[in-house]
Amino acid sequence: MSRSPLIARTVPTLRRAVDNLRKRKATIALVPTMGALHDGHVSLVRQAKRRASRVVVSIFVNPTQFAPTEDFGAYPRTWKADLAKLAAEDVDIVWHPGAESMYPEGFATRILPEGPALAGLEDRFRPHFFGGVATVVGKLFTQCRPDLAIFGEKDFQQLRVVAQMARDLDLGVKVIGSRTVRERDGLAMSSRNVYLSPEERQTAITLYRAMNESAGRIRAGEAVTAAMARGAAMITAAGFELDYFEVRHAATLAPVTSRKDGPLRILVAAKLGTIRLIDNIAV
């Protein structure tokens, strides 16, 4: 029978709860989320449970990673459904702060990441984004003091940024990537998928197909440039507005010119109507 997790809304409440777990020699895993939980998030929680004795899930829609033109106000908030999912997974603590707890009056310190945060992918189109992510994740790490944290690979550049930050700032948190969870047809699960019309939902799978086709061509020996050009053409022909469709070094996100340049990752971001989708796969 599932039990209700402790819900912490202030830092002192969270700290007391974490201290109580530490007194019992618990290992703690953190799963940071912005809510609107789906099966992809649940898979992160289950991996956290396999790797640690206690699990903390944060739910906070972080305003600092949204530009004024983006969908902060419209971002789905499904607290009751989220809590039910987490209770069913026997999560120990849900950290659900308000903006006043995360960014109190007078807040004036931010983390400005470089390295993978300046790879020329998401940062080209959302230059504000990784500063907001790094700052809020840095706070989550110091608030929750986990031994490890689980992030989905769907946001692959974000995963690299957070892992670099944790290493560079000696935060003592092991950052672990978890494989992207997909719908049966291959579309990566995302909280934004609910905004797709039925027709757009059918078209959206093109991103996954194009990545797989380009990856297959690269593995078969086709030149990287030619293989990626074919995939990009497939995406735009389906009606997407393409932001990027690129193959990068999987560890550094540096540009590559050949399949011999190291482990490769294909990353894509494109708009379908008003909905922007991102995805990636390993080559």
Side-chain angles (χ1 to χ4, degrees), residues 34 36 38-41 43 65-67 69-72 74-76 119-127 129-130 152-160 177-250 253-259 261 263-283:
M34 293 206 301
H38 49 65
D39 286 350
H41 296 108
S43 77
Q65 66 193 63
F66 289 80
T69 57
E70 293 179 335
D71 58 351
F72 174 73
Y75 193 87
L121 296 166
E122 283 298 288
D123 50 294
R124 266 197 298 146
F125 298 89
R126 307 180 72 196
F129 180 69
F130 289 118
E153 287 187 349
K154 187 179 79 71
D155 298 287
F156 196 77
Q157 188 177 8
Q158 174 179 276
L159 172 62
R160 289 287 175 258
S178 183
R179 292 178 61 181
T180 301
V181 177
R182 299 183 179 279
E183 304 287 355
R184 288 189 175 184
D185 61 2
L187 179 67
M189 289 189 177
S190 169
S191 300
R192 289 185 169 91
N193 289 351
V194 297
Y195 298 130
L196 296 169
S197 70
E199 295 77 14
E200 289 171 337
R201 174 62 184 81
Q202 291 298 314
T203 302
I205 187 56
T206 304
L207 295 183
Y208 186 57
R209 290 174 178 161
M211 288 191 297
N212 274 316
E213 287 198 16
S214 292
R217 292 177 184 279
I218 292 170
R219 287 193 297 268
E222 186 171 322
V224 166
T225 302
M228 295 302 291
R230 289 173 183 262
M234 182 177 173
I235 292 168
T236 55
F240 283 90
E241 179 184 340
L242 188 61
D243 282 351
Y244 59 81
F245 183 70
E246 298 198 24
V247 61
R248 296 295 185 94
H249 190 284
L253 300 184
V256 298
T257 58
S258 166
R259 63 187 178 129
D261 287 343
L264 304 183
R265 199 94 186 178
I266 293 176
L267 303 100
V268 63
K271 286 182 181 177
L272 190 57
T274 61
I275 309 306
R276 187 173 186 269
L277 301 175
I278 66 171
D279 203 350
N280 66 88
I281 63 168
V283 177

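We're numbering straight along the sequence, starting at 1.
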Check whether [X] reaches the backbone of [Y] with its side chain - one donor and one acceptor, N or O, closer than 3.5 Å.
{"X": "Arg160", "Y": "Ala250", "result": "yes"}
{"X": "Arg219", "Y": "Val283", "result": "yes"}
{"X": "Asn193", "Y": "Arg201", "result": "no"}

Under the side chain to side chain contact (heavy atoms under 4.5 Å, CB included) criterion, do Gln158 and Phe129 qualify, and how do the steps go? CA-CA 9 Å; Gln158 174 179 276; Phe129 180 69; 3.7 Å; yes
Do [X] and [Y] make a side-chain contact, defined as non-hydrogen atoms from C-beta onward lying under 4.5 Å apart?
{"X": "Lys154", "Y": "Ser190", "result": "yes"}
{"X": "Asp155", "Y": "Glu122", "result": "no"}
{"X": "Leu121", "Y": "Glu246", "result": "yes"}

Could you measure the distance from the CG atom of Leu187 to the CD atom of Gln202? Nearest 0.5 Å is fine. 10.0 Å
Evaluate side chain to side chain contact (heavy atoms under 4.5 Å, CB included) for Val224 paired with Thr257, printing each intermediate quantity in order. CA-CA 6 Å; Val224 166; Thr257 58; over 6 Å; no
Looking at Phe156, is Arg265 sitting on its ring face, NZ or CZ under 6.0 Å from the six-membered ring centre and within 45 degrees of the normal? yes
Answer yes or no: are there more than 12 heavy-atom neighbours, outside Arg124 itself, under 6.0 Å from its atom CZ? yes
Under 3.5 Å, which donor-acceptor pairs do the side chains of residues 230-240 form with other protein atoms, sequence neighbours left out?
| unit_1 | atom_1 | unit_2 | atom_2 | d |
| --- | --- | --- | --- | --- |
| Arg230 | NE | Glu222 | OE2 | 3.0 |
| Thr236 | OG1 | Ala232 | O | 3.2 |
| Thr236 | OG1 | Ala233 | O | 3.1 |

Any ion pair linking Asp243 and Arg126 (charged N to carboxylate O, less than 4.0 Å)? no
Minimum heavy-atom separation for Ala227 and Arg217, please, with both atom names. CB-CB, 3.8 Å
Do Asn280 and Gln157 have side-chain atoms, one donor and one acceptor, less than 3.5 Å apart? no
Aromatic ring pairing Phe125/Tyr244, orientation class (parallel under 30°, perpendicular over 60°, tilted between): tilted
Test log, rule side chain to side chain contact (heavy atoms under 4.5 Å, CB included), inputs Ser214 and Ile266: CA-CA 8 Å; Ser214 292; Ile266 293 176; 4.0 Å; yes
